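Being a predicted model, the structure only gives us computed values, none of them experimental.
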Amino acid sequence: MPFFSLLRKSSQPSLASPASADVASGPFPENPDKLPQRRRKTEPIPSFPRSWRRKAAFSVSRASSSPPIEPALSVTPKVETPAPDTAIREMPTPMPLPTGPDVFVNLTMLPSTEIIPTISPESDLLAATWDEVKDGPKGVSIDRSLDVLGDAMTAAQSNAAPFTPLITAAASAVGQTEIGKVVKEGIDRFFDGMPVLMNALDELKALHPFVGVVVLAFTAVYTLEQKRRDNEKKIIALYVEMKDMMGVLLLLRDVQNDKLVAPDGRSIEDRLKTLVERTADDIKLCSNVCDTYAKKKLLAKVFLGPVWDDKLLSWVTLFSKRRQEFEFELSIHTSQGVDKANVKLDVIGDATRALDEKMDVLKAMFEQLVSPEQKQLAATVAANGGVKALRNNDKMLLELERTASKAPSASSAEGHRGPRAKASDVNPNADALRADVFEDPDAAVAKNQVVYFRKFEAQKRQIIDELTFVVKRESDRVIQEMKGGPHDRIRDRTIYEIWTEMGWRGNVKARHFVLALRDHYLEKLAVEADGVPGMSGGSINSSRNPDAWALKFVDVTRLQPISEAFDDDASGFITISEMNRFTGSRPADWSLPHWVAFWAVGYRASIIDYANKIEELLAKMEGIRAEVLPPNRRAFDDYFRFVWEAVHTLTVAVTPLQPEPGPSTSDRFKSHLEAEEARLSTNLKAVDYTIDGTDTLTLITGVGRIEKTVFPLIYLLLKRHYEIMRTMRTKVLDPRELGSGRDSIYNVNVVTYQRMNDLTNIFIQQKHNPEKQFQNFAYGIFKYLHCQNDLWSAEYVRNLDPRVIPYDDVNEDKDVKLEEILKYEYKDELALDDWVYDGHSIDDTPNYSDVEPPIKDILGDWHGYFYEGDGIRETAGVDTMMTFVLEPADGEHELKADAWSNRGRYTITGSWCKGENDAMEVKLKMTYQSASWSVFFSGRFDAERDALTGVWGLSAGAENSNGLMEFRRILPRYLTVYPSIKELSDNKSRALWGFAIAAVRNDVLRERWSWSYFAQRREDREAVISLGIRYLYFGKPINSEEDQLFSAAKLRLTAADACFYTSIINRTLANTWVHVNAFCDWCGGRIGGARLLCLDCEYKNTDTFGALDLCCAKECMAARITHSQDLKVPHEPSHRLVKVRPVVHYRQHGRVHTAALAAFRRVQTLCMKIAESHQQLEETDAKGEETDQNTKNASSPEPGPEEKPSGLGDGKPGDDPNVPGDTAVEVNDVGDTSQDPSGENSQGRTQPQESGPSCGKCMGRLLFPCWYCTKCEDDLFLCDSCDREGVPELMRSSGKHTEDHHLIRCLVPEKDDDTLSSTERRLISLEDQLNNMHSRFDNTQTRFDNMQSQFDSMQSRFDDLTQDLTSRIGNIEQLLHRLAAAVTSGRSA
């Protein structure tokens, strides 16, 4: 086949994939009238409406003789977006050729069709090989169908409004066309043709080493994609195009000499080396984009789907152009002359037009390449108002995320981690969810780049090692031919002999193989023993064979672990590939019996050892928590909460096991275990101990069963994380340090759960009971993952008492370097942001004398707000006024700024350019340090108003905006009263007059130091801090009135005030225990500070543990909870409560529960003494009342309001809003015998008690309720007032009392039943009757439902019988008719 035919064939639209674009370079068609029109702003997207997706019209003429003007604005360095080549290549030709920056070089060297040489017969074979790689059939009408479809869509798009239904129909019908079917088939069969292509590329790399860089990059990307469990069809479509591009390189097989010089004086290596290196970089960058997209939440793919589609399609376009460049360079090199080069330009022109048409089809196809769950979720989003309506709707966002996480396509192990979870427990953080869902794709790609590039390089090193380091074992046999049967593929000589002798074919039952292996070696020992004095035939103990010790462990009693070692898929059969994988993985200096013995006994001993090491690390982690700095506590608890539950589910089944009895064999297996741990450690270091997905995990562990490496892998990860925790004792770390560690353990948990699911399906197919199988499979490490109720029952959790190892720095490693274990910046302490009051103002703005206009006009201080789409200042979120100082950056049109607001301090990057009418257009990207997402501003500079006005969004591009944004140079204190955009547009004069009055009034009050001015600032500070904590972090949910108060206070803050108040909130959070997964069962708020656990409430479902939680608010402690349907009986205010301040994990619940019960038993007698003492005091006071009344001055006036004690008010976050929690809201509760909430006795002063228990802090008389320490052995009591002030650190005879000591609530001892009033008895009786009636009603309802079900079943059966009876009667009638006819005919005869 001549090369020209190959080129023409490959220049046609590929049938192999939706991403193929085997056409000539250049973005413009010859005829500008046939330019496919872009979607207009008002035109909806086909398939389903997405209001956030709008495309600006494309106005560059495709007939232009100059390259398209690239936008000067560059908000984010798009390192992952394919960029055009910097050099524009000349094409001296009179034809209107494409002139984009990616066109081919040296068109003057294009060969004539008359002088193209005939390709050798090997080329036909090469073409046939490439045809085999192709993924789709060769349709004869594909080009014509593509042209018709492209013309139809172009015509429809040119008149968008009237033909919108046609466009939608065309998009939905793409999948039904012949092209659409071919595209889908190409995606489905992508992996089928890859082995042929990869082998061909390996041969090509050996022939032409200069292409090795791109082949290695493509191999690494393909290998990583293979390791991904769920393959996105959009990513596969992109890889199909990448695959087609790499296939063109196979044409180099015909070039035998890299140094052979072509007629233009250049060799093929010189011609392609730069292009090959650039393509390798493109593959690496593209794979990072795909990896980022694959890790995105399903909700993010719905909300920002169009943006991601455009980004992925841009790579399809680039690889199409790279393919064309390879084709062109090869055609130039293989040509012998240039006299008639322009003949082929027609082919290039046709390919150019086909490329754009093909991209339109692919764009429509991308909207079809989504899962059903994603389509359903997109419809739900559209039905609820779209992205703009849901952006600030936390409740709806969380509900959508819960829906998305339940989808089958969303792999998750979060819901399978064991303990019973309330509905509130599984709620993700709304701010973190919003950050992930709305994260700009460019920012997400840039953030993922470091992690992915590290993973990419690790995969490349593994590929190189596999090629350069080949282990040759003595027992390996050389496979020379494959004609004898399947057994000829076996590598190990011993296995080959056994397989051949037994006459097995492609597989064998695992049990039969193990027995045959043992018999083979016993026979071998018997032969060796013949003629040797003192040895009996087949005796293992007396054998001199060096492997005799190992054969003792190859017996029937260890059949299962040995079978599992061979049988990776647990099918019960061992295939030849599994056998080769097993023998090929053994250490080079080990014999086969040695390797089998390891899996018989050594593996068991190793996982027991690792399980104990893991539990020891977890005990040390719990011990070090007391040493962690307060700002690091939340990150620690978030990590430990999940990690312990996930890891303990695996280790709990192994720790009770004991190693094999008899002489220890650990020394015989030590070398392999050390080598395996070193291998895992090296791979973890290569990815910086970050496992961001299942593909990364496979890269670290290698291919095979996860149970082989899961314990040493978890041990190495926890060991690393423990070193980070040691650093938390002295440094304030970024929460992401342990957050990424938690994610790594999570991804390990995902893979183990997937393995458990696969095994469950296999056991069910084999008609086995999975629950019974998991008892013994892999020594039971999966059994509690499969049946979690067996582990996380209420009884199990309450009896837990794992050991705690206190931190001892003497026994720890002193050589750990911070820079080696930390990924992010750290601080020595958490300081307040008081730097915002250092006097910075507009007057301090630098002069920038070396900067020329127009950029000089926009430099300096700016202050502004977020606005809704109608111009009203946004109040739905938490954002306040922001301030930034704009400065010139290093680039010619680049900007940078330091900014601050209630988000803290953050950075801004951006760019500027001149737009229409010489107006300065500005684009900014605001990157928050406190969140993983960014805000984008796109607007212009209004010189007349001295304002930056535009739109803002969570992704770049004005078409994706969420609202308006405006910045002014007005002083912040004036901007707080400046009218909004809407107010100015409605009535500008009135709005400005109101602004002038308010500004002057505020200045007068401020300059006069008016009390009302400072009182307003104090109220705003208290509202923003206290309500902000309750709104975002913990406390009783704010109501509508408080929400309005919070919003109004935010709008009155300057950026400096907001930033400073946020730092106060952050410091408060750092010093407050926030119980992330504990919500008050009465008010519904997340609990911060002290948490109350009820010891008497039990849940109906005892299979999983649960505890009733309360905060310390008065109304919550006094509440009787009856609305919870899960409780066996309602919660009563008199129930026993235990107060915990540190976060209590499931690991610690048993310890807390046991200590609290013991404390309640100890305190009963003491409470009786307190009650008797109080009764005596009341009697004494009663006797003295008459005397006091007689001596009292009747004319003494009542104290004025200013003389009365303030008390606690209404129980809202109280006198000090900076320290919310139990210190502000704890009040006296049921059984309260005190009359003064200040903690003093009835006489207004604290008096020491002469006998009986007293408060351990103030030494005053105890009044109910009071608190008793569960840990202090010398009976420490605290009165309610002292406890409300915080945790007193008291030195006692039994040791120091700290916040780790939990307290129980002591109430007035209960009265005997005979002392109850008649009303109380009647109420109790009535309640019991109501409960009985409710129970009977439930039983009646259940019986009625059962009867209804039975009736429906009987009705169905009756209908079936009626139909059957009717049918039978009909048959009888037919038979009677036939009989009558037969009788009649007989008589007539």
Indicate the atoms forming the closest heavy-atom contact of [X] with [Y], along with that distance.
X       : Y       : result
Ile821  : Arg720  : CA-NH2, 3.4 Å
Val851  : Pro888  : CG2-CG, 4.0 Å
Ile1038 : Asp1043 : CD1-CA, 3.9 Å

Spell out, as yes or no, whether a donor-acceptor pair under 3.5 Å connects the side chain of [X] to the backbone of [Y].
X      : Y      : answer
Asn288 : Val445 : yes
Glu737 : Lys823 : yes
Arg903 : Tyr928 : no
Asn632 : Lys731 : yes
Arg968 : Arg945 : yes
Asp942 : Glu944 : yes

Return the [atom1] to [atom2] distance between [X] and [Y], rounded to the nearest 0.5 Å.
X       : Y       : atom1 : atom2 : result
Met926  : Asp879  : CE    : CG    : 10.0 Å
Tyr906  : Ile908  : OH    : CD1   : 5.5 Å
His721  : Met725  : NE2   : CE    : 8.0 Å
Ser740  : Ile745  : OG    : CD1   : 10.5 Å
Leu1027 : Ser1047 : CG    : OG    : 9.5 Å

Check whether any side-chain heavy atom of [X] sits under 4.5 Å from a side-chain heavy atom of [Y], and report yes or no.
X       : Y       : result
Trp308  : Lys301  : no
Leu924  : Phe884  : yes
Phe937  : Lys923  : no
Thr1072 : Ile1029 : no

### Query
Any ion pair linking Glu868 and Arg873 (charged N to carboxylate O, less than 4.0 Å)?
no
### Task
Mind checking ring-ring contact (aromatic ring centres under 6.0 Å, His included) for Tyr974 and listing every partner two or more places apart, or none if nothing turns up?
none
### Query
Among side-chain atoms of Thr696 and Lys455, is any donor-acceptor pair under 3.5 angstrom?
yes
### Message
Is it the case that over 12 heavy atoms from other parts of the model lie below 6.0 angstrom from the CZ atom of Arg1067?
### Response
no
### Query
Should the heavy atoms of other residues, nucleotides or ligands under 6.0 Å from NZ of Lys982 be counted, would the total exceed 12?
no
Ignoring hydrogens and angles, write down the donor-acceptor pairs under 3.5 Å from the side chains of residues 1051-1066, residues two or more places apart or on other chains.
residue, atom, partner, partner atom, Å
Arg1052, NE, Asp1020, OD1, 3.2
Arg1052, NE, Asp1020, OD2, 3.1
Arg1052, NH2, Asp1020, OD1, 2.8
Thr1054, OG1, Asp1057, N, 3.2
Thr1054, OG1, Asp1057, OD2, 3.3
Asp1057, OD1, Tyr837, OH, 2.5
Asp1057, OD1, Arg1017, NH2, 3.4
Asp1057, OD2, Arg1017, NH1, 3.0
Thr1062, OG1, Asn902, O, 2.8
Thr1062, OG1, Ala1058, O, 2.8
Ser1063, OG, Asp833, N, 3.2
Ser1063, OG, Phe1060, O, 2.5
Asn1066, ND2, Thr1062, O, 3.3

### Task
Taking the six-membered ring for Trp and the full ring for Phe, Tyr or His, determine whether the centres of Phe936 and Trp952 are under 6.0 Å apart.
no
### Task
Check the pair Asn747, Asp692 against side chain to side chain donor-acceptor pair (under 3.5 Å), reporting the backbone distance first and the verdict last.
CA-CA 7 Å; Asn747 284 310; Asp692 60 341; over 6 Å; no
### Task
With side chain to side chain donor-acceptor pair (under 3.5 Å) as the test, would you mind laying out the steps for His893 and Ser911 before giving the verdict?
CA-CA 5 Å; His893 288 270; Ser911 60; over 6 Å; no
### Query
Do Arg1086's NZ or CZ and the ring of Phe1034 fall within the cation-pi criteria of under 6.0 Å and 45°?
no
### Message
Would you call the rings of Phe636 and Phe640 parallel, tilted or perpendicular, taking 30° and 60° as the class edges?
### Response
parallel
